[in-house]
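All remarks here apply to the structure that follows.
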Protein chains: 2
Amino acid sequence: MNKQDMRVLKTKSSLQQALLTLLKTIPLEKIKITEICREANINRGTFYLHYTTVEDVFHDFFQEVILDLQTSYDEPYKYTIPFEIAKINPKSIQIFHHIKRHQSFYEIVFSKNTNKSYYYMLFDQIRLNVGRDYKPNQISDVSKEYIVGYQANAIIGLVIVWYENGFNETPEEMSRKLHKIVRALHTIDSP
Amino acid sequence: MNKQDMRVLKTKSSLQQALLTLLKTIPLEKIKITEICREANINRGTFYLHYTTVEDVFHDFFQEVILDLQTSYDEPYKYTIPFEIAKINPKSIQIFHHIKRHQSFYEIVFSKNTNKSYYYMLFDQIRLNVGRDYKPNQISDVSKEYIVGYQANAIIGLVIVWYENGFNETPEEMSRKLHKIVRALHTIDSP
DNA sequence: CTTATTAATGAACAGATGTTCAATAACTAA
DNA sequence: TTAGTTATTGAACATCTGTTCATTAATAAG
């Protein structure tokens with residue numbers, strides 16, 4: 001399975017293209033290996049040479065989406081160093097633009113029928129970035145990883161509600177919400 | 001399919017018991033319908049009379065777990081009304097005790113290979129309770145559902161990190177962490 | 001206890017999965 | 001261009017899925 005081999009590249013891209021075609025009419029979890037192979041004109045035995053499940057093929061795509069997420073997240077850093085989410089211009093929170101851009105992918109990510117691997121890929125990437133903003137000893141006796149996990153999944157919670165509402169709000173509106181919540185949690189109700 | 005019929009009850013409980021037995025050695029997503037039926041001495045055709053997938057059987061169990069979650073969540077309310085998470089005694093945050101009690105279930109819930117339906121059941125239940133603590137106009141221009149989604153999923157974020165660490169910390173320690181984070185987010189960094 | 005109802009069974013089916021194999025075709029490096 | 005490597009193919013296999021059906025057995029209600 002030489003990755004340079006043109007035959008391998010061709011086979012993989014045929015399968016990926018076939019998956020995209022099928023995804024327009026069939027939900028991911030209902031797509032059979034047999035069906036992808038039929039659509040791609042690839043022998044079923046060949047499929048198992050490269051992938052083991054239909055989701056494996058989807059995984060390849062998702063890598064690119066995650067790359068775009070990182071680019072989006074890096075955006076505001078270009079202008080604000082150090083990064084403090086509570087003080088930044090909400091317009092520069094680009095994650096919601098990224099999600100809206102890949103809406104059809106994220107509908108799969110948040111669908112209750114697909115497994116959690118894509119959710120965790122998203123979670124990990126956001127944790128990476130939230131961790132970058134972390135200031136040591138922010139909260140005494142609570143380790144960084146828990147605070148980061150808390151904050152990263154909170155953002156995803158916002159996105160899940162957005163997803164449940166059919167992604168109706170604009171990305172700008174969502175950025176504003178996040179900005180307001182984070183600011184509020186830092187300012188209201190102080191003793 | 002009369003739900004009163006003893007035969008139905010017997011069949012269902014046989015299948016449920018068989019699932020529990022198999023779960024001790026095989027992960028949920030690898031358990032085949034054929035295997036449950038073999039273990040339960042139930043005809044495969046009968047299985048389809050009551051369930052459609054292996055996960056359907058698991059679902060029945062999970063209902064009971066969610067019930068226990070609600071009971072745990074209700075605990076502190078008995079003593080503190082109105083409920084304010086930032087001011088409550090961390091010992092009375094019972095959710096982590098609940099999860100530790102059902103650790104083997106939650107290992108399935110958070111496994112990256114199972115689908116998101118159990119995650120969402122947990123999320124919904126926590127949202128229900130976070131929503132109960134909600135004070136109107138907490139954050140202007142951000143609707144309740146988004147704030148609740150944010151906070152509920154944040155708590156789950158904490159649990160995911162706990163899960164990743166093999167549930168090593170005690171429930172008391174986790175309650176303390178949540179308490180500290182919530183308090184900190186309400187008190188530090190105020191202008 | 002009897003009877004009408006209905007759940008469970010076993011058998012059968014087409015289709016999908018996961019895997020293996022020798023034969024063939026396509027590719028790379030020389 | 002050629003020779004050697006290796007990906008792809010098609011065929012075959014056992015197993016699992018999803019569904020249907022007449023037959024049998026268990027149950028609830030009178």
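Proteins get letters first, then strands, A, B, ... in listed order; numbering begins at 1 in each. These numbers come from a predicted model, not from an experiment.
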* Using whole Å, report how far CD of A:Glu55 lies from P of C:dT17. => 13 Å
* Asked: Between the side chain of A:Trp162 and the main-chain N/O of A:Glu169, is any donor-acceptor distance below 3.5 Å?
  -> yes
* Structure fact -> B:Tyr51 OH to C:dA8 P, in whole Å, measures 11 Å
* Asked: Is there a donor and acceptor pair, one atom on the side chain of B:Arg7 and one on the base of D:dA26, closer than 3.5 Å?
  -> yes
* Structure fact -> Separation of D:dG18 atom C1' from B:Lys32 atom NZ, nearest Å, is 14 Å
* Asked: Is the shortest side-chain N/O distance from A:His50 to OP1 or OP2 of D:dT8 below 4.0 Å?
  -> yes
* Asked: Donor-acceptor pair under 3.5 Å: do we get one between A:Arg44's side chain and the base of C:dG18?
  -> yes
* To do: Round to the nearest Å and state the distance from B:Phe47 atom CZ to D:dG18 atom P.
  => 9 Å
* Asked: What's the closest nucleotide to the B:Val8 side chain, out of D:dA7, C:dA16, C:dA7?
  -> C:dA7
* B:Arg127 bridged to A:Glu164 by N-O distance under 4.0 Å -> yes
* Could you please name the option among D:dA28, C:dT9, C:dA8 that lies closest to any side-chain atom of B:Thr11? => C:dA8
* Closer to the 5' end of DNA chain C via nearest nucleotide, is it A:Asn43 or A:Ile31? -> A:Ile31
* Taking the nucleotide of DNA chain C with the closest heavy atom to each, which residue, A:Thr52 or B:Lys10, is nearer the 5' end? -> B:Lys10
* Nucleotide C:dA16, atom P - distance to OH of A:Tyr48 in whole Å -> 11 Å
* Rounded distance (Å) that lies between atom P of C:dA16 and atom CG of A:Leu22 -> 13 Å
* **Atom-to-atom span, CG of A:Leu49 to P of C:dA22 - whole angstrom** => 15 Å
* To do: Would you indicate, yes or no, if D:dA7 has its OP1 or OP2 atom less than 4.0 angstrom from a side-chain nitrogen or oxygen of A:Thr46?
  => no
* A:Thr114-B:Lys116 side chain donor-acceptor pair, cut-off 3.5 Å -> yes
* Spacing of B:Leu15 atom CG relative to C:dA8 atom C1', expressed in whole Å -> 12 Å
* Would a line drawn from the ring center of A:His98 to the ring center of A:Tyr106 be shorter than 6.0 Å? -> yes
* To do: For B:Gly45 and for B:Thr34, locate the closest nucleotide of DNA chain D by heavy-atom distance; then report the residue assigned to the nucleotide nearer the 5' terminus.
  => B:Thr34
* Does one side chain, of A:Asn43 or A:Tyr48, offer a donor that lies under 3.5 Å from an acceptor on the other? -> no
